[in-house]
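A note on names: the letters A, B, ... follow the listed sequences, proteins ahead of strands, and every chain is numbered from 1.
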Amino acid sequence: MSEFITKQKRSHYCGSLRAQDVGNEVILMGWVHRRRDLGGLIFVDLRDREGTIQVVFDPEQGPQAHELAHTIRNEFVLAIRGRVNQRPADMINTSMATGEVEVIADELDILNESSTPPFVLDGETEVSDNLLLKYRYLDLRRRDLQRNIILRSRVAAETRNFLQETGFIEVETPSLTKSTPEGARDYLVPSRVTPGSFYALPQSPQLFKQLLMISGFDKYYQIARCFRDEDLRADRQPEFTQIDMEMSFISEDDIIDIIERMMTHIFEACLGKTLTPPFPQLTYGEAISRYGRDNPDTRFALEIIDLTDIAGASEFRVFSETARNGGAIKALTIEDGASLSRKDLDALGEIVGPYGAKGVAWARVSEEGWTGSLAKFFDQEKRGLVEKRTDARPGAAILFVADTADVVHAALGALRVHLGNRLGLIDQGALAFTWITEFPMFEYSEAEKRYMTTHHPFTSPVAQDIPFLTTDPGRVRARAYDLVLNGSEIGGGSIRIHQSDVQSMVFEALGLGEDEVKMKFGFFLDALRYGTPPHGGIAFGLDRMIMIMAGAESIRDVIAFPKTAKATCLMSNAPSEVSADQLAELSLKII
RNA sequence: GGGGUCGUAGUUAAGUCGGUUAUAACGCCGGCCUGUCACGCCGGAGGCCGUGGGUUCGAGUCCCAUCGACCCCGCCA
């Protein structure tokens, strides 16, 4: 090994070299991305986090380095001293950022060898997720993944920059905290010192940030890790990160204004994209009736149209019975109906099936009238009424779903997104932010046979709805708001309850007994009595935000060490069994 | 908890109606090669067909169970 290079400092990142560096001596450290051994000349693409540069080993320029370079294999770690050389015009590689130049190696150190990697790191070969997750540290060498993780770091940094500048104070809250089984399932941590007692990992720092308002910090934030023991999805991990914020003496408008400025700052600084607040706002009711869900993708129109009155009066039995039973009949209109074949239309039932809908009925509109099995049930007058309301012109296809309102909305909401993707209605470069407001405070849970909060029990009801807390909880609106981006809920928050009597009424409406409340939230109700300022806040799912910013399809692509759909880590094999001694120490027994 | 897709050399895939020695590409190993950049050419090694059971004269292929990955519904205040 050459003593010379190892005592030197690295002078440049591989990926940073450009034409302006030509003629300079450089010292590079990096991984062998690819090796092309021509027998005489040897080319090595040397990679570091900034990119890749071609290194040339020429027997006439550096005989010893050239000799050693024969033994190089993929993913070896090298140190190279050499000179930056302008490539001749016909040898410029336009697909590389560094493609105008190369480094002629004078000296080579092999800093470490590498076993043959279990998969090719070219980023093009599809490799099974099992393997990628088992060797996550190798997968993380790939450019796309590195770019996502680096973007994530920048977004977190710019968030902090903005919030610090805006007068927010970052406070850390406990990870070992109290179980509050009102929301998601908790991850529990057994206490050694108090046998039989458990901490819970926080689902969010909700109560702590409200306590910080009571303490007078006025503007709080934290980039906080949260834990929820629920089943995973492509956009859901058991531990995830929130940009968590809380402010005193503010209204909905103040929060919306700060967040719009924060998002504008982050997207400008991290993506160079200019946002134009104010963002559009929809009430929850509007979102559901027009888009079928409270996280509408507003990058494309294709809105849901209510046809219950017209279609319910048609001869079609399914429709008339649905209307008579208090259900809903709603539709989507595809302007270019020809883009879906009859077979395509018939297959749409599979899209709505999982949401409980029995199928999608359709009709094609043409100059001559309607075609499709639905046509014969609609007379001339009803066709006219439907066409007018759906704005369906000749060539269009109208897609109907009839069921309870909830099922219709869920089905058409999903169908709308499916068609938006499938028919290419979505501008992939667009950033469609939408605020959703006026959420209902409670939803009735058939499973639990009681009302559950739509957001969480600390959300303030709209003042004039407070009397309904005891009489008609379903009518109470919450002072809550979500921020939706491109059809994903990226954040949600509310103005909180700051009066202990209102807080008690909400717990009551949730069917929680006095003793239960005291046990779970007693410390918080106590705190509310000592001069709680009016306050509110919001929390953003950082992972989902990064996902959208990076154009990633899975949340795993923006988390360095993610878990599988069964919440395991294939690399470290967590979770795993522990020794009998450890269990005994915790007074635990496995049954 | 429910539904779906998938599992074959190191990797990605093919494998017909159940029938001879399970193919290919990439990777790996060896040789040749001084302007390659997915280098090229020649040669070679490499398989518990996820696992267990069953049907059959015979199973990668059919059946059952099981494990694992991914996606969706439920769930996620």
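Within 4.0 Å of A:R87, counting heavy atoms only, lies at least one base atom of the nucleic acid. At a threshold of 4.0 angstrom between heavy atoms, the contacts of A:T459 with the nucleic acid are absent. Residue contacts shown for A:Y355 are limited to sugar-phosphate atoms, with no base heavy atom under 4.0 Å away. Note on A:E102: a base of the nucleic acid sits closer than 4.0 angstrom, heavy atoms only.
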Report, one pair per line, the protein and nucleotides 65-67 of chain B atoms (nitrogen or oxygen only) whose separation is under 3.5 Å.
none

Please write out the pairs of protein N or O atoms and N or O atoms of nucleotides 23-25 of chain B separated by less than 3.5 Å, giving the distance to one decimal.
none

Pairwise N/O distances under 3.5 Å, protein to nucleotides 38-42 of chain B:
{"residue": "B:C39", "atom": "OP2", "partner": "A:R34", "partner atom": "NE", "Å": "3.3"}
{"residue": "B:C39", "atom": "OP2", "partner": "A:R36", "partner atom": "NH1", "Å": "3.1"}
{"residue": "B:C39", "atom": "N4", "partner": "A:D37", "partner atom": "O", "Å": "2.7"}

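Nearest-nucleotide assignment on RNA chain B puts the 5′-proximal partner with A:A234, out of A:E443 and A:A234. Mapping A:D90 and A:R73 onto RNA chain B by nearest heavy atom places A:R73 at the nucleotide closer to the 5' end.
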Evaluate the side chain to side chain contact (heavy atoms under 4.5 Å, CB included) criterion for residues A:M547 and A:D235: first the C-alpha distance (whole Å), next the side-chain angles of each, then the deciding distance (0.1 Å), finally the verdict.
-> CA-CA 8 Å; A:M547 239 178 108; A:D235 62 351; 4.2 Å; yes

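Residues A:E239 and A:K563 are paired through a salt bridge, judged by an N-O separation under 4.0 Å between the basic side chain and the carboxylate. Taking a cutoff of 4.0 Å between a charged side-chain nitrogen and a carboxylate oxygen, A:D515 and A:K518 do not qualify as a salt bridge. Using a 4.0 Å cut-off between charged nitrogen and carboxylate oxygen, A:E443 and A:R450 do not count as a salt-bridge pair.
Judged by distance alone with a 3.5 Å cut-off, no donor-acceptor contact links the side chain of A:N74 to the base of B:G27.
Spacing of C1' atoms, B:A9 relative to B:G46, comes out at 6 Å, to the nearest Å. On the P atoms, B:G15 is 28 Å away from B:G68, given to the nearest whole Å. Across the P atoms, B:A25 and B:G44 are found 13 Å apart, a figure rounded to whole Å.
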Residues 551-562 of chain A, side-chain donor-acceptor partners within the protein, below 3.5 Å, at least two apart:
{"residue": "A:S554", "atom": "OG", "partner": "A:R556", "partner atom": "N", "Å": "3.0"}
{"residue": "A:S554", "atom": "OG", "partner": "A:R556", "partner atom": "NH1", "Å": "3.3"}

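A distance below 6.0 Å separates the ring centres of A:F521 and A:F458.
The CZ atom of A:R47 lies 6.0 Å from the CZ atom of A:R141; values are rounded to the nearest 0.5 Å. Distance OG1/A:T434 to CG/A:N486: 8.5 Å, rounded to 0.5 Å. Between A:D472 atom CG and A:D465 atom CG the span is 10.0 Å, to the nearest 0.5 Å. Expressed to the nearest 0.5 Å, how far CG of A:L412 lies from CZ of A:R293 amounts to 11.0 Å.
Put simply, A:R236 has no side-chain N or O that comes within less than 4.0 Å of OP1 or OP2 on B:C72. Within the 4.0 Å cut-off from OP1 or OP2 of B:C75, not a single side-chain nitrogen or oxygen of A:R233 is found. For the pair A:T568 and B:A69, the criterion of a side-chain N or O lying under 4.0 Å from OP1 or OP2 is met.
Taking atom CG of A:L41 as the reference point, atom P of B:C32 lies 16 Å away to the nearest angstrom. As a whole-Å value, the separation of A:E67 CD from B:U34 C1' is 15 Å. Between the CG atom of A:D235 and the P atom of B:C71 there is a distance of 9 Å, given to the nearest Å. Remark: P of B:C71 and CG of A:N421 are 16 Å apart, rounded to the nearest angstrom. Going from atom CG of A:D406 over to atom C1' of B:G74 covers 15 Å, rounded to whole Å. A:N295 has its CG atom 16 Å from the P atom of B:C76, to the nearest Å. Distance A:N573 CG to B:A69 C1': 14 Å, rounded to the nearest Å. Following rounding to the nearest Å, A:D231 (CG) and B:C70 (P) show an atom-to-atom distance of 12 Å.
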Protein-proximity profile, nucleotides 9-15 of chain B, B/S/- by nucleotide at the 4.0 Å heavy-atom cutoff, equals -SSS---

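Of the nucleotides present, none pairs with B:C75 by Watson-Crick or G-U wobble criteria with both distances under 3.5 Å. If you check B:G40 for Watson-Crick or wobble pairing at under 3.5 angstrom, you find it paired to B:C32. Base-pair partner of B:G7: B:C67 (Watson-Crick or G-U wobble, both distances under 3.5 Å). Across all strands shown, B:A24 forms a Watson-Crick or G-U wobble pair with B:U12, both key distances being under 3.5 Å. Shown here, B:A45 forms no base pair; nothing in the strands shown gives a Watson-Crick or G-U wobble contact with both key distances under 3.5 Å.
The 12-atom threshold is not exceeded at CZ of A:R143, counting heavy atoms of other residues, nucleotides or ligands nearer than 6.0 Å. Dense packing is recorded around CZ of A:R18, with more than 12 heavy atoms of other residues, nucleotides or ligands lying under 6.0 Å away.
Under 3.5 Å, the side chains of A:D406 and A:T404 contain no donor-acceptor pair of N or O atoms. If you check the side chains of A:Q222 and A:D244, you find no donor sitting under 3.5 Å from an acceptor.
Non-hydrogen atoms lying under 4.0 Å from RNA chain B are contributed by A:Q54, A:P59, A:E60, all within residues 46-63 of chain A.
Taking each heavy atom of A:C14 and A:L46 in turn, the nearest pair found is CB-O, 3.6 Å.
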